[in-house]
Amino acid sequence: ETGVTQTPRHLVMGMTNKKSLKCEQHLGHNAMYWYKQSAKKPLELMFVYSLEERVENNSVPSRFSPECPNSSHLFLHLHTLQPEDSALYLCASSQWTGGTEAFFGQGTRLTVV
Amino acid sequence: AQSVTQLDSQVPVFEEAPVELRCNYSSSVSVYLFWYVQYPNQGLQLLLKYLSGSTLVKGINGFEAEFNKSQTSFHLRKPSVHISDTAEYFCAVFNSGGSNYKLTFGKGTLLTVNP
């Protein structure tokens, strides 16, 4: 139990579908992150939220839309994705954004068909 | 800009043998350094971290790493590995001197422990 829970664990969606990934942390942290992990590539930071405010958006296409309604929950809304968006999407949280250790969820394995 | 290089993409070893996974980083300011482990179909779990102080840091599962500032390295070691150590290992660096929120990860090293 890492304290960071992601649902669903697996998701298959068509290119015209709309779906959402959910992340919840029970650690009392103030910062939350979305990462994309593709085969043979380093982890790519997508979004950073600090105290529910987005502080970084790493040139992510608009078909990915994050939402942070409170410090415990983070969503990633998906629409009109491409097959190359298939990857493991990891959520993480940390006490603050200033270099403290990050705790990761188990990830959502997304396949776009 | 900071970067992380993990020199070996795959490291096969036999059970009970010692192992070293290499990590070099580049950064113009002070850094925090981390090693994470990822088991199949799991997220990343922190093995150990260097923030300051002693350059030899000990982590979970018998792993340790040594921070070498002159060589900009943070190699991970274990004196005797088990089958259960088979996993992917990621080195990561955080720039402590700026407003950059990023943990920059290396590409990972797949450690395979054979019987």
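Every chain is numbered from 1 and lettered A, B, ... according to where its sequence line falls, protein lines coming before strand lines.
By the criterion of side-chain heavy atoms lying less than 4.5 angstrom apart, applied directly or through intervening Ile, Leu, Val, Met, Phe, Trp or Tyr residues, Leu110(A) is not grouped with Tyr35(A); the two fall into different hydrophobic clusters. Residues Leu21(A) and Leu90(A) do not share a hydrophobic cluster, defined by chaining ILVMFWY side chains whose heavy atoms lie under 4.5 Å apart. Following chains of ILVMFWY side-chain contacts shorter than 4.5 Å, one can reach Phe64(A) starting from Tyr49(A), so the two form part of one hydrophobic cluster. In terms of hydrophobic clustering, with Ile, Leu, Val, Met, Phe, Trp and Tyr side chains grouped at heavy-atom distances under 4.5 Å, Leu103(B) and Met46(A) are assigned to different clusters. Grouping the Ile, Leu, Val, Met, Phe, Trp and Tyr side chains by contacts below 4.5 angstrom, directly or via other members, places Met15(A) with Leu11(A).
No donor-acceptor pair under 3.5 Å is formed between the side chain of Arg109(A) and the backbone N or O of Asn41(B).
Other residues, nucleotides and ligands contribute over 12 non-hydrogen atoms within 6.0 Å of the CD atom of Glu84(A).
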So Phe103(A) and Leu44(B), side-chain contact (heavy atoms from CB on, under 4.5 Å) or not? Walk me through it. CA-CA 8 Å; Phe103(A) 292 78; Leu44(B) 276 68; over 6 Å; no
Pair Phe104(A), Gln45(B) - check side-chain contact (heavy atoms from CB on, under 4.5 Å), show working. CA-CA 7 Å; Phe104(A) 284 81; Gln45(B) 180 183 0; over 6 Å; no
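For Ala31(A), no part lies near chain B; criterion is any non-hydrogen pair under 4.5 Å. No part of Tyr39(B) comes within reach of chain A, as not one of its non-hydrogen atoms sits under 4.5 angstrom from that chain. With a threshold of 4.5 angstrom between heavy atoms, Gln38(B) approaches chain A through side-chain atoms but not through N, CA, C or O.
For residues 105-115 of chain B, heavy-atom neighbours of chain A at less than 4.5 Å comprise Phe105(B), Gly106(B), Lys107(B), sorted by residue number. Contacts from residues 75-83 of chain A to chain B, taken as heavy-atom pairs separated by less than 4.5 Å, involve no residues at all.
Ranked by heavy-atom pairs under 4.5 Å with chain B, the list Lys41(A), Gln37(A), Glu44(A) is led by Gln37(A).
Counting only residues at least two apart or on different chains, the disulfide (SG to SG under 2.5 Å) pairs with a member in residues 3-73 of chain A are Cys23(A)-Cys91(A).
Applying the side chain to side chain contact (heavy atoms under 4.5 Å, CB included) rule to Thr72(B) yields the partners Asn24(B), Tyr25(B); only residues at least two apart in sequence or on another chain are considered.
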